[in-house]
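Data block below; observations after.
Source: prediction; values computed, not measured. The sequence lines fix the lettering, A, B, ..., with proteins before strands; numbering per chain opens at 1.
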Amino acid sequence: MKYEPREIEPKWQRYWEEEKLFKAVDFDQSRPKLYVLDMFPYPSAAGLHVGHPEGYTATDIYSRYMRMNGYNVLHPLGWDAFGLPAEQYAVQTGTLPRKTTEQNIETFRRQIKSLGFSYDWDREINTTSPDYYRWTQWIFIQLYKQGLAYLDEVPVNWCPALGTVLANEEVVNGVSERGGHPVERRPMKQWMLKITDYAERLLADLDELEWPEGIKEMQRNWIGKSTGAEIDFCVAENEETIRVFTTRPDTLFGCTYMVLAPEHPLVDKLTSPEKEKEVAAYKEDALAKSELSRSVSEQEKTGVFIGNYAVNPVNNERLPIWISDYVLMTYGTGAIMAVPAHDERDFEFAKTYDLPVQPILVPSKEAAEKEGITPEDVLEKRSCWTGQGTLVNSANDFGLDINGLDVENAKERTIEWLEQQDRGKAAVNYKLRDWLFSRQRYWGEPFPVVYMEDGSIKVLDEDELPLELPEMEDFSPSSNGESALARAEDWLDYTDPKTGKKGRRETHTMPQWAGSCWYYLRYLDPRNDARPWDEEKEKYWMPVDLYVGGAEHAVLHLLYARFWHKVLYDLGLVSTKEPFRKLVNQGMILGISYKDPQGRIVPNDKVVEDGNKLYHAETGQELEEMPAKMSKSLKNVVNPDDVIQQYGADSFRLYEMFMGPLEAVKPWRTEGVEGVRRFLNRVWKMVVGPDGGIAEEVKNSEMNEEELRVLHETIKKVTEDIESLNFNTAISQLMVFVNEFGGKAERNREAVETFILLLSPFAPHIAEELWSRMGYDNSLAYEPWPTYREECLKVANVEVVIQVNGKPRSRVTLPADATSEQMQQAAMEDERIQELTDSSDIKKVVTVPGKLVNVVAK
RNA sequence: GCCCGGGUGGCGGAAAGGCAGACGCAACGGACUUAAAAUCCGUUGGGGAUAUUAUCCCCGUGCGGGUUCGAAUCCCGCCCCGGGCACCA
């Protein structure tokens, strides 16, 4: 009887679902809890692609394994379904987003279920369901009440093509991350979340997380903490002071001019009458520039002198004040002290406008040499030096002398002096900015906010939630920066049920990230309609023990969710400081593509095969294989439905895990799926006979030493590899087992049963089927995980390598527990070794017990 | 430019400082078959020597050095590829 995944897979999927086999039990005190979470998918119209199930398979294997180890596993899934792509798709097809979203979810659910994952489907959630988003709104209200949500008129990233503003995180190189449309800066009234209040904690608490170092580093860079000083500069002939932030207070004596951001509030006040025209023109220019042109660093520096001077607090030198767009209003104080001798940007600007350069720091000869310059180059203003060195020309008559100090001590001393003089203080700055939280879109959570006629802002009461999204025929955004909701007449008008006062609802909606900021908490108590979650359940299940998802969420989702979690923690609503204890990023799966000799990637439908070679159908150029990101345009997308149809879900799962390490980027090869399918065929034939019963070779026979060793080696390796998520090597060990036992005339029954259990987390359908054919009535999902016996791993004799000067020259078989002396003796007696060493002196002999002897001879 | 990853057969990839290439794919040879597919068995890093089939030698983990009895693995200096950040004072 043949292995037929198409028959057995749906059967077991039905069984698991009907029996609710993977139900997570709240408050089970008899077993330790384990929360294993996948980043929930965004159900697109294209359906699942092969990248999604990679992480899901990994967490499924781990969950199934841990259940067999006696854990009470919470492993849920849901849908992150609000957001721009769904709305755009709905606009294109002319259907309601709610409808298309429902269809997409249905497709995703069907596809995911066909892979046999052990989710607790009773906990399925959907961010677009009013039962869910009422609590997203509720959390927003808590943020508002904490003063962490505020309205601000800010220059934002307005994207005309998408008809919405975007967060800084959603703008990449000046164009929208989705779609690549141009983005311009434009002042608008927006909801902001004060994530900056949490910058320090978001940074510090990274240390306690078991996350990939790279992701933590990316978050650290994003938060961008710098320590330095704030220094006040008096303006000559004026009452004003200009405050700057600098990380290099030690270079204050080298400051020769100042620069303000063009938007700086003091610019107009400080501009001299004769410079007004020029300044106004420059400001207009700078503001019109998009983020793109403004952030290209190679661009030449421009600026305008505003006709006024500030005073350097350490030496009373007059410093011309300039404006330039290389100074950003959004970082620090929007003003800088320029130290051209020791800052590349200031140096470049000073060269352009012929401003004075004052060196005050000399590098050591060696340090300078490494950069290909000399200390004289710095002192004679030919080179800019930003590294370590010794301070010079840095003393005044008012008690500050930092000459001869190194950078660190000079910083400290300068700050001390500034504090004494009341001219500055130590300060910390973060690159992180507040989170722009509104979108001019229809398909998102409505803000529970009303603008009252008297000008006040009212957030809705808890009993007014959910504020449901009105159903609209036309939900395209308006061109003036308001969302479609501005046209929802009936919905807009609000009358306070208690006071009777009237108002108009907020027409913006929340960004896609809102729903995913707290979904892991809703899984704990998904049907609670009195509270977002039960606090006791939260205490039982949290934190998430393992979180698996793509690295593209390194800063966005993962930073936002941590921020909300910390707010909830401060409100006493959650019991842990951090939501996700251990994080793993699965690597992308690439498609097979081809490149021409110029390195250009050619779409797969333009590739023709002739003999063993590949050619471009049109140009005739010879092509070379090259993996590339799967995309419709390259025609290299693999559809999981096709793979499952042809090879089965177990083969699909096994192949995705066998390709290579979970975190690595790997190219998809359908031949590889055939390989693991062949493996499962051999597994089937190892257990099942031609009549469908147990194969007659499976019996209560004695195992020989080698079989015993392979069995226990397999238990050990598979166990350890699942623990460390090295699924590829676990699978190769399962293959080793089948290579050993598969063709044998006698296959020990116990060994075969153990093997089925070891295989079950990876290929659960075939494992269940074999288990039941072995005569068991119950699912194997809660069978105890096999354990290995140390003594069975040992073998009586081992082959010991004998090296001469580190090169393997001979091998001898010795008892595994041979002593160093015995090994040495065997090496010396070896004919080949004697031959090789007889004309030289033996200097020493190194032995590694059970492995190797190295004879060092000269 | 800066910060992370990573470079091992034809390909995906294995290797607590101890026999490099486990496991799989592909390829080749053979068995079965009228034939093919499927399946099974065998070979497969490169070069060379001896040679009735086995034995041996040299080279080989991006490049160049170093540490060590011994390096894919550790250290120093480069090159290339992938990802992230990018006028953040």
So, OP1 or OP2 of [N]: does either fall under 4.0 Å of a side-chain N or O from [X]?
X        : N     : result
A:Ser324 : B:C87 : no
A:Arg682 : B:G24 : yes
A:Asn854 : B:U68 : no
A:Arg832 : B:C57 : yes

State yes or no: are the ring centers of A:Phe349 and A:Tyr257 separated by less than 6.0 Å? yes
Determine whether the aromatic ring centres of A:Phe755 and A:Phe741 lie less than 6.0 Å apart.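 Aromatic pair excluded; centres sit 6.0 Å or further apart.
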If I pick the [atom1] atom on [M] and the same atom on [N], what distance separates them, to the nearest angstrom?
N     : M     : atom1 : value
B:A37 : B:G29 : P     : 12 Å
B:A36 : B:G24 : P     : 26 Å
B:A20 : B:A71 : C1'   : 11 Å
B:A89 : B:C11 : C1'   : 50 Å

Identify whether any heavy atom of [X] sits under 4.0 Å from a base atom; if not, whether one sits that close to sugar-phosphate; answer base, sugar-phosphate or nothing.
X        : answer
A:Gly675 : sugar-phosphate
A:Glu344 : nothing
A:Val801 : base
A:Val846 : base
A:Thr330 : nothing

Scan for salt bridge (charged side-chain N to carboxylate O under 4.0 Å, His left out) pairs involving residues 734-744 of chain A, sequence neighbours excluded, and state none if there are none.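 Found A:Glu707-A:Lys744, A:Glu740-A:Lys744.
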Could you give all pairs that pass the salt bridge (charged side-chain N to carboxylate O under 4.0 Å, His left out) test and reach residues 668-680 of chain A, with sequence neighbours left out? A:Glu625-A:Arg669, A:Arg669-A:Glu671
Can you list the residues that meet the side-chain contact (heavy atoms from CB on, under 4.5 Å) rule with [X], with sequence neighbours excluded?
X        : value
A:Lys685 : none
A:Lys2   : A:Glu4
A:Glu54  : A:Gln586, A:Ile589, A:Glu656, A:Met657, A:Leu662, A:Lys666

For each nucleotide in nucleotides 9-15 of chain B, reading 5' to 3', give B when a protein heavy atom comes within less than 4.0 Å of its base, S when such contact involves only the sugar-phosphate, and - otherwise. --SBSS-
Can you say whether a donor on the side chain of A:Arg811 sits under 3.5 Å from an acceptor on the base of B:C19, or the other way round? yes
Side-chain donor/acceptor of A:Lys301 to base of B:C87, under 3.5 Å: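 Per atom types, the contact qualifies.
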Salt bridge (Lys or Arg N to Asp or Glu O under 4.0 Å) partners of A:Glu366, counting only residues at least two apart: none
Got a sec, which residues hit salt bridge (Lys or Arg N to Asp or Glu O under 4.0 Å) with A:Asp343, two or more places apart in sequence or on another chain?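 A:Asp343 satisfies salt bridge (Lys or Arg N to Asp or Glu O under 4.0 Å) with A:Arg345 once adjacent residues are dropped.
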Which nucleotide sits closest to the side chain of [X]: [options]?
X        : options             : result
A:Arg809 : B:C58, B:C85, B:G24 : B:C58
A:Glu671 : B:C23, B:A26, B:A89 : B:A26
A:Val327 : B:C87, B:C69, B:A89 : B:A89
A:Pro808 : B:C23, B:A20, B:G18 : B:A20
A:Met735 : B:G18, B:C69, B:C23 : B:C23

Each base of RNA chain B marked ( ) or [ ] if paired in-strand (Watson-Crick or G-U under 3.5 Å), | if paired to another strand and . if unpaired gives (((((((..(((.....[....))).(((((.......))))).(((((.....)))))..(((((..]....))))))))))))....
Atom-to-atom span, [atom1] of [X] to [atom2] of [N] - whole angstrom:
X        : N     : atom1 : atom2 : answer
A:Asn739 : B:A22 : CG    : P     : 12 Å
A:Ile321 : B:A89 : CD1   : C1'   : 17 Å
A:Glu217 : B:C2  : CD    : P     : 15 Å
A:Asn805 : B:C57 : CG    : P     : 13 Å
A:Leu852 : B:G18 : CG    : P     : 10 Å

Can you pull the side-chain hydrogen bond (donor to acceptor under 3.5 Å, both in side chains) pairs that have at least one residue in residues 327-342 of chain A, sequence neighbours excluded?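 Output for this query lists A:Ser226-A:Tyr331, A:Thr330-A:Arg433.
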Please determine if A:Lys301 and A:Asp346 form a salt bridge, counting it only when a charged side-chain N lies under 4.0 Å from a carboxylate O. no
Tell me every residue that passes ring-ring contact (aromatic ring centres under 6.0 Å, His included) with A:Tyr3, counting only those two or more places apart in sequence or in another chain. A:Trp684
Can you tabulate the close N/O pairs, meaning under 3.5 Å, that link protein atoms to atoms of nucleotides 36-38 of chain B?
none

Roughly how far, to the nearest 0.5 Å, is the CD atom of A:Gln824 from the OG1 atom of A:Thr819? 9.0 Å
